[in-house]
2 protein chains.
Amino acid sequence: MPKDRAPTRIQKKNRAAILEAALNVFSAHGFRGATVDQIATEAGLSKPNLLYYFPSKEAIHTALLSGLLEIWLAPLHDLDADGDPMEEILAYIRRKLQMSRDLPRESRLFANELVQGAPRIHESLSNDLKTLVDEKKAILTQWMDQGKIARLHPYHLIFSIWALTQHYADFDVQVRAILGDEDPFDGAEPFIDTLYRKLLTP
Amino acid sequence: MPKDRAPTRIQKKNRAAILEAALNVFSAHGFRGATVDQIATEAGLSKPNLLYYFPSKEAIHTALLSGLLEIWLAPLHDLDADGDPMEEILAYIRRKLQMSRDLPRESRLFANELVQGAPRIHESLSNDLKTLVDEKKAILTQWMDQGKIARLHPYHLIFSIWALTQHYADFDVQVRAILGDEDPFDGAEPFIDTLYRKLLTP
DNA sequence: TCTTGATTTGACCATCTGGTCAAACTCACG
DNA sequence: CGTGAGTTTGACCAGATGGTCAAATCAAGA
């Protein structure tokens, strides 16, 4: 295990390669389905070498998840109480959809975890996520009280955004099986935009 | 392996117990995360005994999936070209949501499979599912042409229904982490109903 | 009851997998 | 260069896991 001085050039490179490889493997096979050997090979290292940088398979997974949670929640974080309600929400949706397009592996990493009951991030859900959502719920409720957007159940409104946007990353195979050559996001963006304009107009 | 005569009382009972147990275990841990021992124990059998009824772990999984695909697609099947468009679609959505509530394990079984690229049901997606969806797409398009519902991308309309309804089963942990005690479906049903009434009104 | 096919199981096996370790090798720096 | 820290690896281990098999047990019809 490297000492905890400033990381050397090699340490930086290998840690990054491991996390990148682990993202590929974990998102494609889930925690249990991924093997350390597979991650090591994909990172261009031998298994013992990989375990020199991370103490265990679990540690890699944890490092990945906690590093990504922040990125994952960022779009919601940016929802601004002082902006124009409709535009704020639509911008949030666009950011979320963009993430499904640009970071599908990350999306599937979380999806894998959630579908199986989130054994390794249950706590973060009840704390970080719940706190953030409640904060934004207050903003949404305020906008509804002011008549600026339609009155809806704020939690379910948020769920719907998550569901609609992440669906395209998480169930990519299914979407492509039906769309064929058509680019999923080309159709999804205007569809979802229309949907929320209609839904949110008071 | 039992001969392929008419199944005995014991065969029926044990096969059913195995599939029930397998549904629990596979939906909670994914294919790779499930163990034959776990399924056997949950079915009240020894491992060799279980393997007397199914030749392999994979065979159990396949039997489960193919048996359930039919059930899973039934609600869409029932979408009737001759009914009232808005009511037909809303009824479909209600059936779908009901399935998320009543059959969450089945939903998660498919979700697990899909998130990981559907290695074991890829074919069914491109055939059975694609065929059914295209059939219903024609009906939707017709309704749109007749001005009976708003013009929308029919595939994405269907995706949105899947996304919104299955979200509650597949990401149950997340939903509950935010809703606390509140019943997810009590809020979801009216929310989704409102959403599609607004969306589909021309 | 007896017989025969159906059912069940303990013991066993090969392979996979996460993880360890001591020895070897490399690199940066004085 | 020499040296000590940082890096890499082959060999290895223990436990888990999917699957096999022959022998034992059970159930139902003649």
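Only heavy atoms go into these numbers, but all of them, side chains included; no hydrogens, no water, no symmetry mates. We name chains A, B, ... by the order of the sequence lines, and we start the count at 1 in each one.
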Identify every side-chain donor-acceptor pair in residues 125-135 of chain A under 3.5 Å, counting partners at least two apart or on other chains, and give the distances.
from   : atom 1 : to     : atom 2 : distance (Å)
A/S126 : OG     : A/H122 : O      : 3.4
A/N127 : ND2    : A/E123 : O      : 3.3
A/K130 : NZ     : A/D134 : OD2    : 3.3
A/K130 : NZ     : A/Y155 : OH     : 3.3
A/K130 : NZ     : B/I178 : O      : 2.8
A/T131 : OG1    : A/N127 : O      : 2.7
A/D134 : OD1    : A/Y155 : OH     : 2.4

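Pairs of Watson-Crick or G-U wobble type, with distances under 3.5 Å, assemble into runs of 3 or more in DNA chain C at these ranges: C:1-30 with D:1-30.
In terms of phosphate contacts, B/S56 brings no side-chain nitrogen or oxygen within less than 4.0 Å of OP1 or OP2 of D/dG18. Residue A/S46 places at least one side-chain N or O under 4.0 Å from the OP1 or OP2 atom of D/dT9. Between A/R9 and C/dA28 there is a side-chain N or O to OP1 or OP2 distance below 4.0 Å. Look at B/Y52 and you won't find any side-chain N or O under 4.0 angstrom from OP1 or OP2 of C/dT8. Between C/dT7 and B/Q11, a contact under 4.0 Å exists linking OP1 or OP2 to a side-chain N or O. OP1 and OP2 of C/dA6 both lie 4.0 Å or more from every side-chain N or O belonging to B/N14. Contact check, A/Y53 against D/dT8: a side-chain N or O comes under 4.0 Å of OP1 or OP2.
Put simply, CG on B/L51 is 15 Å from P on C/dT7, counting in whole angstrom units. Following rounding to the nearest Å, A/K57 (NZ) and C/dC16 (P) show an atom-to-atom distance of 15 Å. One can place NZ of A/K12 at 16 Å from P of D/dG6, the figure rounded to the nearest angstrom. One interatomic measurement links the two molecules: CG of B/L45 to P of C/dT9, which rounds to 7 Å at whole-angstrom precision. Distance B/F54 CZ to D/dG18 C1': 16 Å, rounded to the nearest Å. Whole-Å rounding puts the B/I60 CD1 to D/dG18 C1' distance at 11 Å.
Between B/F54 and B/H61, the distance from one ring center to the other does not fall under 6.0 angstrom. Remark: aromatic rings of A/H153 and B/F191 are distant, center separation not under 6.0 Å.
With no hydrogens or angles considered, a side-chain donor-acceptor pair links A/Q166 and A/K96 at under 3.5 Å. For the 3.5 Å distance criterion, the side chains of A/S160 and A/Y196 qualify, holding a donor opposite an acceptor.
In this structure, the side chains of A/R94 and A/D193 come closer than 4.5 Å at one or more pairs of heavy atoms. Using a 4.5 Å heavy-atom cutoff, the side chains of A/Q142 and A/Q146 are in contact. Under the 4.5 Å side-chain criterion, counting only non-hydrogen atoms from C-beta, B/E106 is not in contact with B/M99. Residues B/H167 and A/L164 are not in side-chain contact: their nearest non-hydrogen atoms beyond the backbone lie 4.5 Å or more apart.
Nearest nucleotide to the side chain of A/N49, out of D/dT9, D/dA28, C/dC27: D/dT9. Taking every side-chain heavy atom of B/P48 into account, C/dA11 is the closest of C/dT8, C/dT20, C/dA11. Between C/dT7, D/dT7, C/dG18, one nucleotide has an atom nearer to the side chain of A/T8 than all others, and that is D/dT7.
Residues B/I10 and A/G44 each lie close to DNA chain D; by heavy-atom proximity, the contact nearer the 5' end of the strand is made by A/G44.
DNA chain C lies under 4.0 Å from at least one heavy atom of each of the following residues of residues 23-40 of chain A: A/A34, A/T35, A/V36.
Between the base of D/dG18 and the side chain of B/K47 there is a donor-acceptor pair shorter than 3.5 Å.
With hydrogens and angles disregarded, a donor-acceptor distance shorter than 3.5 Å links the side chain of B/S100 to the backbone of B/T165.
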